Amino acid sequence: MPEPRESEKAITKRAEDYGRWYTDVIAAAELADHSPVRGCMVIRPHGYAIWEAIQRALDRMIKKTGHQNAYFPLFIPESFLKKEAQHVEGFAPHCAVVTHGGGQKLEEALYVRPTSETIMYTMFAKWIQSWRDLPLLINQWANVVRWELRTRLFLRTCEFLWQEGHTAHATAEEADAEARKMCGVYRTFAEEFMALPVVSGSKSEAERFAGAETTYCIEGLMQDGKALQAGTSHFLGQNFAKAFDVKFQTQDGQLAHVWQTSWGVSTRLVGALIMAHSDDTGLVLPPKLAPIPVAIVPIWKGDEERKATLGAANDLAGKLEGAGVENVKVDDREGLRPGAKYFDWERRGVPLRVEIGPKDLAKSQVMLVRRDTGAKSPAPAAEGPARVRALLDEIQKGLFDRAKSHRDAHTFSTDRYDDFKKRIEEAPGFYALRWCGSGKCEAEIKEETQATLRVIPFDSKPDPGPCVKCGANAPGKRAYFARAY
RNA sequence: CGGGGUGUAGCGCAGUCUGGCAGCGCGCUUGGUUUGGGACCAAGAGAGCGCGGGUUCGAAUCCCGCCACCCCGACCA
């Protein structure tokens with residue numbers, strides 16, 4: 001690809017400064033902007049359209065697994081938040097609190113929700129009486145607020161959008177299975193829609209959600225070798241049920257607390273998408289989540305050619321819509337030369353560009369250009385719609401494969417601590433290490449290497465041996481450590 | 001919250017040391033010619049220099065205070 005013009009702000013090269021590159025890509029693709037309120041972002045139309053695509057696909061999956069959407073209040077009475085000890089300890093310091101309303105000081109302060117366990121389970125307690133009311137499977141799409149000190153667009157902002165699922169079950173086994181199931185749903189979503197390979201598994205005690213018994217997660221690896229938690233799912237045990245008195249009568253007439261789960265993904269996924277696939281030219285989006293999967297650029301000289309190529313472009317767009325490819329964009333802008341249009345769509349991450357010029361019309365063909373590889377190939381006009389569909393599938397798969405080889409190439413294993421310490425500097429990525437399970441070793445590793453325990457993968461076998469840090473027996477699976485966002 | 005940096009037109013910057021009435025490129029507007037990888041010509045619009053004080057005949061430039069944002073570390077989806 002050609003060098004950007006000097007006069008225009010260039011996108012910083014990834015190799016030069018990955019953080020700045022990330023910011024530049026977001027600006028160039030007009031995904032989001034910093035708001036006047038510190039730590040908060042404005043999601044611009046193109047960025048929001050990506051979130052909507054994520055929502056559309058994920059909402060369908062959540063409903064297919066039996067959950068229903070509902071909506072709970074933004075405000076949570078202070079006393080609710082304080083009912084579960086671990087939970088309040090984890091969240092209270094990061095909350096925004098409303099103390100006044102209607103010009104008067106409130107009797108009880110209202111917390112702006114950092115997550116909705118407490119308000120939801122207060123209601124669950126009212127709704128659940130019998131085992132027949134279980135399982136209760138609720139999801140909500142909402143905004144939440146956490147008073148973060150250091151923020152980055154999409155990855156960490158004080159307010160963010162997310163989906164939070166909350167369920168109640170009759171048995172621990174069922175609830176744990178639910179938490180695992182939803183982690184699996186996230187994994188499928190990440191891999192099939194985002195083209196992002198992830199490692200799924202459980203978190204360590206130190207990394208788990210405040211108030212949970214177990215936290216499961218999916219972890220992706222970004223192009224710079226840093227890990228990103230892309231989704232979490234928690235088995236809450238009866239911790240909240242006891243705090244909020246969520247009880248039901250069993251089939252044999254006993255009174256029992258429910259077993260619960262909660263799980264969520266957020267607008268952080270948009271950040272993951274950006275960092276997983278984009279390049280030095282700008283945004284690269286997987287076709288399944290691209291607001292505009294195909295942009296058709298007619299090329300003309302004079303009115304006659306304009307009419308002919310624009311006509312062919314509109315014709316193809318119509319056929320694509322008919323073939324199930326929605327939101328195809330015909331770039332009929334006057335006053336912009338074709339090259340300028342190419343750059344424009346490339347920056348915005350449109351997966352496939354179709355060029356139709358007089359030469360193509362003469363040969364009854366269209367020119368197809370992939371965003372991910374830059375490969376340009378002609379296709380007979382009659383086969384245009386079919387070729388476009390096939391190429392979009394190829395791009396979706398190609399992005400996943402590329403991300404997966406990158407992930408695999410940056411997943412290492414070592415048994416020597418000094419080796420790990422050295423290599424995490426030179427080659428960031430996942431490091432599969434034997435770990436004795438102690439929080440002390442985990443904390444020391446973090447202190448000394450800035451790497452945290454990201455995940456203990458589901459699909460790996462126990463590999464007993466000495467703990468990489470203390471040498472004590474590590475009987476279980478290897479844990480994946482990485483530096484993370 | 002600690003360390004570093006930056007605030008001048010929508011964006012990127014120059015001007016600040018050595019005070020003298022704000023400039024360049026891109027973008028934008030209008031008209032025309034263009035259109036197979038960021039078009040060209042012409043004419044325009046647009047900021048009073050992050051905010052508040054001060055010093056001075058005069059402050060974007062000097063002094064004091066504050067704020068915001070960015071980057072790097074401690075906490076989190």
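Just so it is clear, the structure is predicted and the values come from calculations on it, not from any experiment. We name chains A, B, ... by the order of the sequence lines, and we start the count at 1 in each one. Hydrogens, waters and symmetry mates play no part in the numbers below; they use all other heavy atoms, side chains included.
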Six-ring centre of A/Trp141, A/Arg56 cation under 6.0 angstrom, axis tolerance 45° | no
Is the distance from OP1 or OP2 of B/rC75 to the nearest side-chain N or O of A/His94 less than 4.0 Å?
-> no
Please say whether the positively charged group of A/Arg156, taken as NZ for Lys or CZ for Arg, lies over the ring of A/Tyr485, i.e. under 6.0 angstrom from the six-membered ring centre and within 45 degrees of the axis.
-> no
When you measure from the side chain of A/Lys376, which nucleotide among B/rG36, B/rC75, B/rG37 comes out closest?
-> B/rG37
Which nucleotide in the list B/rC71, B/rA39, B/rG37 gets nearest to the side chain of A/Ala340?
-> B/rA39
Short side-chain N/O contact from A/Arg337 to OP1 or OP2 of B/rG36, under 4.0 Å = yes
Counting side-chain heavy atoms from C-beta on, which of B/rC76, B/rA74, B/rU35 comes nearest to A/Glu148?
-> B/rC76
A/Glu346, nearest nucleotide to its side chain (from B/rA77, B/rC69, B/rG37) = B/rG37
Considering residues, nucleotides and ligands other than A/Glu205, do more than 12 of their heavy atoms fall under 6.0 Å from its CD?
-> no
When you check the phosphate oxygens OP1 and OP2 of B/rA39, does a side-chain N or O of A/Lys301 lie under 4.0 Å from one of them?
-> no
Which nucleotide in the set B/rC71, B/rG36, B/rA77 lies at the smallest distance from any side-chain heavy atom of A/Ser266?
-> B/rA77
Mind calculating the distance between CZ (A/Arg20) and C1' (B/rU6) to the nearest angstrom?
-> 10 Å
Rounded to whole angstrom units, what separation is found between the CG atom of A/Leu155 and the C1' atom of B/rC71?
-> 15 Å
Kindly indicate whether the side chain of A/Glu305 and the base of B/rG36 share any N or O donor-acceptor pair separated by less than 3.5 Å?
-> no
Picking from B/rG37, B/rC75, B/rA77, the nucleotide nearest the side-chain atoms of A/Phe160 would be B/rA77
Does the separation of the ring centres of A/Phe124 and A/His166 fall below 6.0 angstrom?
-> no
